[in-house]
Every structure is written in C-alpha cells, then in structure tokens.
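Below is one structure, written out as structure tokens, with a few remarks after it.
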Amino acid sequence: MNTNEIYTRSEPASVVGGRSAGSGMYDVVHEDAEHRPYANQAGAVACEVGYNFAYLDEQTKRMIRRGLLKAVAVPGYQVPFGGREMPLPYGWGTGGMQLTAAILGADDVLKVIDQGADDTTNAVSIRRFFARTAGVKTTTRTPEATVIQTRHRIPETPLTNDQIMVYQVPIPEPLRFIEPSETETRTMHALEDYGVMHVKLYEDIATFGHIATSYAYPVTVDERYVMDPSPIPKFDNPKLHMSPALMLFGAGREKRLYAVPPFTRVVSLDFDDHPFAIQSWDECCAFCGSRESYLDELIIDDAGSKRFVCSDTDYCMQRRDAEEEGAQ
Amino acid sequence: MSAAEKLQLHNEPVQPLFSVRDLTLLYGPEKGCQGVSFDLYPGEVLGIVGESGSGKSTLLSLLSGRCPPDRGTVSYRNSDGRLVDLYSASEAQRRTLLRTEWGFVEQNPRDGLRMGVSAGANIGERLMAQGVRHYGELRAAGIDWLSQVEIDPLRIDDLPRTFSGGMQQRLQIARNLVSSPRLIFMDEPTGGLDVSVQARLLDLLRGLVRELDLAVVIVTHDLAVARLLADRLMVMRRSHVVEAGLTDQILDDPQHPYSQLLVSSVLQP
C-alpha cells in the first residue's frame, strides 16, 4: 500500500470506523485549519473534528503518562492504570492504543504492525484511527517512524534511540499460568519469588526434549522483575536486550502497563544445560532471500508445498527495493 | 574426636528447634486455640489429637506461619543456629523458611501439589525456587525421590491427577522432602485413604522421619496414627490443650477425662 497516504472521510464528526451512508470511500480531503487543529506541518493531514487529540481526553492521557513514568522508573514492574473503553474490542490492541494515544505528539510519525505486517486488518485500522483522531503522519517504513505500535514483532531493522515501541499485551502476568491468584502473584513479584517460572520450562523439556515455548518467552528485566514480553516470538527476545529504543507495554483488558527503558539488560530465562536459543530456518525468504529474519511458513497448494517469507513486510520490501536499485 | 569430647558434646543441653509460647487465636469464646506452649526438639515427632473443631488445624496454621496469632510467639532455630521469631520476621524470610527448611503436607494432596504439571516438576519446584538451574540435576532429584517414596520412576512425566490418592500423598511428601527440610507439618496425612494404603504410607513416613532425623508436627484425629508416629502427644479440646505428654503415657494411662473418653472410644477389633 501507499506509505504516506492518509485516509479520512469527508463528513466531519461521524463515528470512527463507521460507514457513511453515501460513499464508503475513504479519500484524502483538504479541510480548513479550523477542522484540523492538530495537523502537523509536514503532511496534508485531515482529522475528525469532535474528538480530542488522539481520541482520549487530556486527564486520561495524563493518568497514563504518570503510570508510564512509574513503569520506566521500575523496569518490568506492572503498573495498574485506569484503562478506558476504546472503540474496538478487548484483545484487538486497546492497551497499546491507550499508550500510543498518551505519548503521541502532533509531529510524531506512527507505524503499526500486526504479525510483522503493515497491511493486516488490525494494523490498518489502528493506523487509520490515529491518522483520523490525531492527524499524525503514518508510515510503514521502520526508520521513519517515531512511534511503532506492535502486537507480535519487533522490526528487523534495528531501532534507534528516538523511537518508542508500544506493545499490545494480552496477558501481562508471566506467573499467571501457574498461579491464578492476583494477590499471590503480586507477592511473588514483590519478594522476587520466581522459582515457579522454571517449572514451565522444565515441563517443556520433560515433554518435548527442548524448551518449546516459542512466544511470550519470559525474561528477567534489569536483574529484578520477571516480565512477559507480550506475544513476540522468542526470536525477538534478544532485540529487547540493551535496545536503544524505549519499550512500552500496555494490556487493556487487564489494565496494566510496564516498560523496558533504553539500554536495559533483558535476559531470557533458561537452564544451564538447556540454554536459551532462538528459532532458525533452513530456508530463506522466497521474496527477498533473507536468512536473518523471522520467517512465516505459507502453504501454497493442496499438495502441502510450502514457502517461507519474511514476517516483517517492511524489511522484506526494503531489501527488495535495494536489490532492484542495485540491478539498475 | 576423643570419647571424652563425645561425652562432652552429648551432655550439652540440646536446644529446642521450635518454641511456642502462649499461642492464641480465637474466632469466638472457646473457638480456635489459646494458651498453647511447647518446645519441639530436632528429630522429635509431636502429635496433636482432638475432636473436630477443637482447634487442631488452627494451631497448625499458626505454627506454620499461615495466619498471625492474636498473641503469643513462635520461634524457630534455623540451620545457622539463630532464633527466628516467625511473626516478627519479614514475609520474605517466612516464605524462604517455608520452602527450604520447612515442609507442609496437606490433608488433601490436591492442595499441596500443582496438579497441572508433571510429578517431576512438582518435585523439582522447591529446588528451582532455591536457584537450581540445571535440568539434569532436577531430573535426577525427581527420579531419586520418586523411588524413595515408592513410586515407579518411569512415571516422572505423568500428571499427578493420573495418580491414585495414596500415590498423590506420597508425591506430596517427596515434593516437601526434596529440599531436605528440618521440620515438617502434617495435617491428617492419611485422611481419606483406605486402611491398607494408610498402613503403607505410615510405614514410609516412619522410615523417612527416622532416616532424615525430621522434626514433625502432625495433626490427626486417628489415635492409631498418633501411636505409630508420634513421640509426644497433645490432646486438644475446645481450644485448650487439656493434656500433653509421651504418647504411650497418654494412650495407656490418660489422666484428663476427655483423654480417657478419646482413648476408650477407639474401636478394638
């Protein structure tokens, strides 16, 4: 899709995400300045009127920012916050969206990825949501983005210190699978009582012969809190370690947020005789030929033949563009 | 060490492992337990008997740090020889004690086991909590303890719910003993088991207690269990300890009317 296209509808103040009766088309419109008070100078952006900047009201955003400050001060600690209803269901990224809304400024450039791709339903609708309610520029190119909201992946392109990653987290509590009680898990975090975390890894080895946990792989942040890095594949865990970018995690249903500040030690849990290892593939990407990136397996016909392609579409695209340029 | 030195060592007074003074928690008049004091020495088995509602389980949860008392103290001499006051220690210390030097065998093994993970993981959990990060060692400990409690080591990867009641209870005991504790609390460990399984479990327990030199506080309403395991008995009734003494003494020559009633109401086959 076209990277810098901003979608909006001609009728102002209609319901976000709703269909207008006349045209179902979204097209670029040029409204007068009064209708887009937060539009940034760079792009031709028009946003919905009748909504506060980035949908949430200012008090809510301040509350979330206070929570974020605490989360950054105590890396990996889950800070409760007063989660708001967002105009989409829980599980679709409400936690991440509230964090994004709280940190977004008028001159930010937003990228949203879902399963590594910029063109999946969730990514497209969240990107459009912020383009319309905040009027910010959006992009699919990782190096151009200042705020990246994601569910499953950390981009393959290395992040920089002026970028912020926002993760959508389904279950923020890494101890939940073994300890259903919230008061108990909080005490366990407070007392650094993390022995049970290894019980799960033990079970994996006992059952499969290796640590089979492949996503939401628990990590220790700054040698203190054990944290669930949201459903990113363990392939991406090493990218959390000493990352120059700020990482923010938001769980909308559970109303928790937590953070990994830049240049923080993040260590994946493991056993001495079964060390942590990331996934690897014998194949390379069918489009760009990358052997370093995380690959998705695609079944391409009824005979079950498969191909592997990069899960990070932007990375794949960049490599192909570079190849074409090289060919010319 | 010369014989004289040995004698010297032997003559030194043994310090109590566990001291309880005036322990009281009342839910209402005569409900709960009050004014309980005793000393427990290393390797000693103390039985607490009494009817339902006499405060046995309340006493046990006070002793094991599960709920704070209205008044009274519980102190424990840890492996460094320092005396720890249970309820003025921090929660972190209390938890560390509970998963290292202490064990708690629940009446219902489902409360004491993690039913969702395999037998091996159940046994290894305490070790992992203590920082053992070597899968091979955990595995070896699991196999060793399964055979010590007479469970087929081949079943190490089976879930506890596929085990029979007696096996679950033995697994729970293994899970507690793996950290080589010095003090074990047991709440009716043979409750809900049939007689022959009870007998085997008691036999196993008696062997392990002697072999590992464990101090045990065991709550039971079954006098046969008390006679088999306990060195000393405390008889409780309506929140008070009505009689305390050596097991044989109490069972053969009960002094308090209630103890007499208790002993006489055991069916003689």
Side-chain angles (χ1 to χ4, degrees), chain A residues 74 77 171 173-213 216-221 223-226 228 234 237 265-277, chain B residues 65-68 89-103 110-143 145-146 153-162 171 175-176 178-179:
Chain A
V74 192
Y77 172 71
I171 299 171
E173 180 53 76
L175 299 161
R176 182 65 71 235
F177 79 100
I178 200 136
E179 183 50 67
S181 152
E182 173 69 20
T183 42
E184 182 62 22
T185 51
R186 280 201 214 180
T187 318
M188 288 161 89
H189 279 295
L191 301 177
E192 232 181 319
D193 189 359
Y194 290 133
V196 290
M197 284 314 300
H198 279 82
V199 171
K200 184 171 192 250
L201 304 181
Y202 173 96
E203 278 295 275
D204 269 1
I205 304 174
T207 316
F208 304 106
H210 62 277
I211 299 178
T213 304
Y217 193 104
V219 293
T220 305
V221 180
E223 296 174 7
R224 176 60 181 85
Y225 283 97
V226 165
D228 181 348
K234 64 179 172 185
N237 274 15
R265 285 158 297 180
V266 177
V267 181
S268 306
L269 303 182
D270 60 1
F271 284 108
D272 296 344
D273 46 349
H274 285 82
F276 173 79
Chain B
R66 293 188 168 192
C67 64
S90 69
E91 174 150 17
Q93 279 177 305
R94 217 161 33 230
R95 282 188 169 231
T96 312
L97 265 188
L98 263 171
R99 66 167 185 239
T100 53
E101 298 190 18
W102 292 7
R110 278 158 199 277
D111 299 334
L113 291 173
R114 288 196 191 278
M115 299 304 282
V117 298
S118 69
N122 265 294
I123 295 178
E125 185 183 329
R126 275 178 168 233
L127 296 176
M128 290 185 239
Q130 286 171 24
V132 176
R133 294 285 177 266
H134 192 278
Y135 177 77
E137 286 171 18
L138 292 167
R139 195 82 180 158
I143 289 171
W145 273 100
L146 279 181
L154 288 177
R155 301 205 58 181
I156 186 166
D157 292 332
D158 292 352
L159 292 182
R161 66 177 143 79
T162 66
L171 180 61
R175 171 186 157 89
N176 275 290
V178 69
S179 63

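Residue numbering restarts at 1 for every chain, and letters A, B, ... go by the order of the sequence lines.
- Summarising the local packing, CD1 of A:Ile178 is surrounded by more than 12 heavy atoms from other residues, nucleotides or ligands at distances under 6.0 Å.
- Residues meeting the salt bridge (Lys or Arg N to Asp or Glu O under 4.0 Å) test with B:Glu125, sequence neighbours left out: B:Arg114, B:Arg175.
- Heavy-atom distances place the side chain of B:Ile156, and not its backbone, under 4.5 Å from chain A.
- Contact of B:Gln130 with chain A is not made at all, since no heavy-atom distance falls under 4.5 Å.
- Heavy-atom proximity under 4.5 angstrom to chain A picks out B:Arg95, B:Arg99 from residues 93-102 of chain B.
- Partners of B:Arg133 by salt bridge (Lys or Arg N to Asp or Glu O under 4.0 Å), not counting sequence neighbours: none found.
- Rounded to the nearest 0.5 Å, atoms CD1 (A:Ile171) and CG (A:Asp228) are 8.0 Å apart.
- Put simply, the side chain of A:Asp204 gets close to the backbone of A:Thr213: a donor and an acceptor are under 3.5 Å apart.
- Within the structure, every pair that satisfies the ring-ring contact (aromatic ring centres under 6.0 Å, His included) test and touches residues 113-136 of chain B, not counting sequence neighbours, is listed here: A:Tyr202-B:Tyr135, A:His274-B:Tyr135.
- Rounding to the nearest 0.5 Å places CG of A:Leu201 at 11.0 Å from CG of B:Leu138.
- Ranked by heavy-atom pairs shorter than 4.5 Å toward chain A, the options B:Ser90, B:Gly124, B:Gly120, B:Gly136 are led by B:Gly120.
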